[in-house]
Protein chains: 2
Amino acid sequence: MSQQPAARAAVIKDVARLAGVSHQTVSRVLNDHPSVRDETRERVLLAVKQLNYRPNALARGLAGRRSRVIGVVSFDTILHGPAATLLGIERAARHAGYGISIVALERLDRSGVVDAVNRLAEQSVAGVVIIAPLLTAAAAAGSLPTGVPAVVVESDLAGDLPTVSVDQVAGARLAVEHLLGLGHQTVWHLSGPKDWLEARDRVDGWRAALEAAGRRVPPVLAGDWSPKSGYEAGRELAERGDVTAVFCANDQQALGMLRALHERGVRVPEDVSIVGFDDIPEAAYLSPPLTTVRQDFDEVGRRCLAALLELLGVDRPPGVPRHPRVPPSLVVRASSGPPPAS
Amino acid sequence: MSQQPAARAAVIKDVARLAGVSHQTVSRVLNDHPSVRDETRERVLLAVKQLNYRPNALARGLAGRRSRVIGVVSFDTILHGPAATLLGIERAARHAGYGISIVALERLDRSGVVDAVNRLAEQSVAGVVIIAPLLTAAAAAGSLPTGVPAVVVESDLAGDLPTVSVDQVAGARLAVEHLLGLGHQTVWHLSGPKDWLEARDRVDGWRAALEAAGRRVPPVLAGDWSPKSGYEAGRELAERGDVTAVFCANDQQALGMLRALHERGVRVPEDVSIVGFDDIPEAAYLSPPLTTVRQDFDEVGRRCLAALLELLGVDRPPGVPRHPRVPPSLVVRASSGPPPAS
DNA sequence: CCCATGAATGTGACCGATAACAATCGAGGC
DNA sequence: GCCTCGATTGTTATCGGTCACATTCATGGG
């Protein structure tokens with residue numbers, strides 16, 4: 001009848017008692033402090049194993065003023081990019097021995113970001129990563145009041161905070177150069193929403209590539225990332241006879257555009273070539289399979305963590321650039337080809 | 001010269017001093033304990049505001065043995081379903097005043113799940129939600145060693161733990177009945193991976209609906225959620241002339257199948273009707289727009305949280321069922337129609 | 001008029017770890 | 001042989017809250 005109801009998890013004192021040392025010595029072993037005799041260390045580790053002891057992260061954080069958790073402010077994780085970025089960060093954090101706390105934002109305005117960071121700060125996170133694909137969020141990140149170490153993803157203009165982003169401009173250039181290389185006279189562009197930085201950068205890269213080649217720059221078609229906006233843009237383009245190549249700012253828009261063109265009897269790539277951006281899992285199985293630009297989100301996650309750890313002074317690999325840009329790569333499939341002979 | 005370097009954040013004692021009360025009274029105000037005089041309460045709240053005081057969640061959790069964070073064990077959050085579920089849980093948690101800590105699993109085996117829960121337990125989470133769409137994960141969840149309150153999502157066989165899931169069987173039935181209602185003699189099925197519970201349930205629902213209608217049950221085609229497997233199954237089906245309707249276990253597979261059929265000149269829905277599952281954002285813009293079954297992931301998230309809060313004894317709404325099943329709904333689009341006249 | 005009662009508030013222990021400092025011990029220098 | 005020094009280990013304070021209990025004070029019943 002004297003059975004404990006749920007044998008309370010062992011704490012550091014239990015380990016100390018079992019190993020016959022002071023709790024402080026146990027703490028030293030756990031944090032591999034140098035001056036512990038080998039024999040003592042082993043005795044402690046044995047006790048740890050026997051009791052299945054796991055240090056309490058809360059107590060650790062409170063006493064040591066550093067927690068092994070990093071906060072992530074995320075946005076619209078239904079979209080492929082943000083979801084993949086979040087996963088990349090989680091993966092990198094886990095490998096570095098950190099946990100992840102997330103706060104998702106419904107709207108990406110200034111007070112929302114600040115508020116989210118505050119909520120994370122309450123939890124004494126070691127630092128935060130802000131996935132801030134919008135201009136407003138980047139601005140907010142630039143003016144964080146608290147002294148929380150922060151890294152901003154997908155934005156290179158967050159005040160003096162370190163940032164990590166995919167080189168969107170280079171990605172757009174890859175797409176455009178690919179199409180020009182196939183013989184197209186110019187390339188149209190269906191952009192993402194104006195307030196997204198990635199959308200803006202892709203427009204810039206597209207325009208720069210066209211200008212560098214001395215080509216005419218058509219007007220930008222404005223989309224909102226959704227397949228719907230791609231569909232609508234596709235119907236417009238189908239009306240005109242002079243479009244031979246379109247660079248869509250993401251794969252979902254490209255998908256909608258494919259549908260519109262197909263509906264109107266415009267053949268891809270024979271009549272019009274389409275290039276997307278993201279390389280979502282579906283891209284290879286659209287009709288036709290989509291040529292697109294792939295982003296390495298795992299690499300983004302790794303670099304975020306590297307930047308954050310440097311900020312925390314944990315690691316100090318001297319060569320880490322403050323605003324690294326991860327290079328994207330072009331994946332050529334069947335949706336792009338030479339222009340019609342005409 | 002006496003300026004503080006970064007004016008350390010205010011703690012409860014600072015508030016107490018400023019308000020001229022004891023720290024315990026401040027604590028009472030913060031946790032709205034009844035017996036505090038109004039005048040005192042206001043004085044404290046004023047001090048809180050003046051100092052911009054925010055209670056330290058670590059200390060709170062340590063002392064009070066309850067943290068306002070719940071852990072989520074997630075898997076494959078690149079897929080639409082898990083990503084949406086995660087977001088739903090985060091949203092519900094945020095509204096209930098809880099934060100979210102996540103651990104993503106690479107593989108969904110027993111030790112992985114147990115390990116993830118342990119990592120969360122170290123952080124003293126109030127409870128965990130396990131997104132366990134695989135049989136192995138459900139089994140692991142059923143044998144969690146620690147005394148951590150847990151709710152399991154997308155699995156109804158996790159020992160005696162409360163679970164929340166979408167009624168996959170009903171969803172599959174909706175799809176099949178829709179197709180039979182259009183006049184098809186029978187419906188083929190491209191399943192998800194065998195070890196996923198959702199895949200298994202959808203197979204069950206499909207078969208049950210066919211049997212209930214007294215129809216022939218064709219062999220199950222085995223997929224793996226990927227567009228690729230849908231594409232391959234589509235090529236096989238195109239070979240046969242006798243297939244008029246296919247229920248795909250998810251939209252990505254349906255997408256691949258659409259591509260294969262299109263490639264072979266099989267028209268959808270004139271020759272073959274296709275129904276998917278999930279209603280991913282792309283579904284409405286495929287060629288043709290996809291008829292599919294929609295799941296309400298926000299509702300799943302809400303119910304998860306309700307179940308967890310009940311487990312925590314925080315709330316006790318008596319009517320909460322232990323294994324609620326969220327009903328899915330059919331979204332009819334252009335990929336399904338009457339069978340060919342033949 | 002005294003005492004029981006309950007509301008309002010304060011005091012000190014405690015949660016489980018780390019940090020700072022003290023104590024102990026054996027070895028090498030004079 | 002005594003003292004200093006570094007390696008080990010222990011003791012106590014501390015992190016920032018909550019909990020359990022003590023205390024104070026005004027009120028109402030006998």
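Numbered from 1 within each chain, the chains take letters A, B, ... in sequence-line order.
- The residue A:Thr25 sits close only to the backbone: its heavy atoms come under 4.0 Å of sugar-phosphate atoms, none of a base.
- Within 3.5 Å, a donor on the side chain of A:His23 pairs with an acceptor on the base of D:dT12, or the reverse.
- Counting to the nearest Å, the P atom of D:dG17 and the CD atom of A:Glu122 are 10 Å from each other.
- The one candidate from B:Val153, B:Leu305, B:Ile131 that meets the side chain to side chain contact (heavy atoms under 4.5 Å, CB included) condition with B:Val300 is B:Val153.
- Checking C:dT9, D:dT18, C:dA17 against every side-chain atom of A:Ala63, the shortest atom distance belongs to C:dA17.
- Toward the 5′ end of DNA chain C lies the nearest nucleotide of B:Arg28, the other residue of the pair B:Leu62 and B:Arg28 mapping further downstream.
- Both A:Leu30 and B:Gln24 lie close to DNA chain C; mapped to their nearest nucleotides by heavy-atom distance, the more 5′-ward contact belongs to B:Gln24.
- Salt-bridge annotation for A:Glu299 and A:Arg302: present, with a side-chain N of the basic residue lying under 4.0 Å from a carboxylate O of the acidic one.
- The side chain of A:Thr40 places an N or O atom within less than 4.0 Å of a non-bridging phosphate oxygen (OP1 or OP2) of D:dT9.
- Each of A:Gly20 and B:Arg60 lies near DNA chain D, and the nucleotide nearest A:Gly20 is the one positioned closer to the 5' end.
- One atom, CD of A:Gln123, and another, C1' of D:dG16, lie 16 Å apart when rounded to the nearest Å.
- Closest to the side chain of A:Ser35, from the set D:dA7, C:dT9, D:dT18, is D:dA7.
- Summarising the geometry, the separation between NE2 on A:His33 and P on C:dA19 is reported as 10 Å, rounded to the nearest angstrom.
- Straight-line distance from the CZ atom of A:Arg41 to the P atom of D:dA7: 14 Å, rounded to whole Å.
- Just one residue in the list B:Leu30, B:Asp14, B:Leu18 forms a side chain to side chain contact (heavy atoms under 4.5 Å, CB included) with B:Tyr53, and that residue is B:Leu30.
- In this structure, A:Ile12 places its CD1 atom 19 Å from P of D:dT14, rounding to the nearest Å.
- For the pair B:Ser27 and D:dG17, the criterion of a side-chain N or O lying under 4.0 Å from OP1 or OP2 is not met.
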_Using the rule given for salt bridge (charged side-chain N to carboxylate O under 4.0 Å, His left out), can you reason through B:Glu106 versus A:Arg94, listing the C-alpha separation, both sets of side-chain angles and the distance that settles it, and then say yes or no?_
CA-CA 11 Å; B:Glu106 305 287 342; A:Arg94 180 153 31 83; 3.1 Å; yes

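- With rounding to whole Å, B:Asp38 atom CG is found 12 Å from C:dA8 atom C1'.
- Side-chain contact check for B:Ile102 versus A:Glu90: some heavy-atom pair is nearer than 4.5 Å.
- The shortest distance between the side-chain N/O atoms of A:Arg37 and the OP1/OP2 oxygens of D:dT9 is below 4.0 Å.
- The CG atom of A:Asn56 sits 13 Å away from the C1' atom of D:dC15 (whole-angstrom rounding).
- Look at B:Asn31 and you'll find a side-chain N or O under 4.0 angstrom from OP1 or OP2 of D:dT18.
- Spacing between atom CG of A:Asp32 and atom C1' of C:dT18 amounts to 14 Å, rounded to whole angstrom units.
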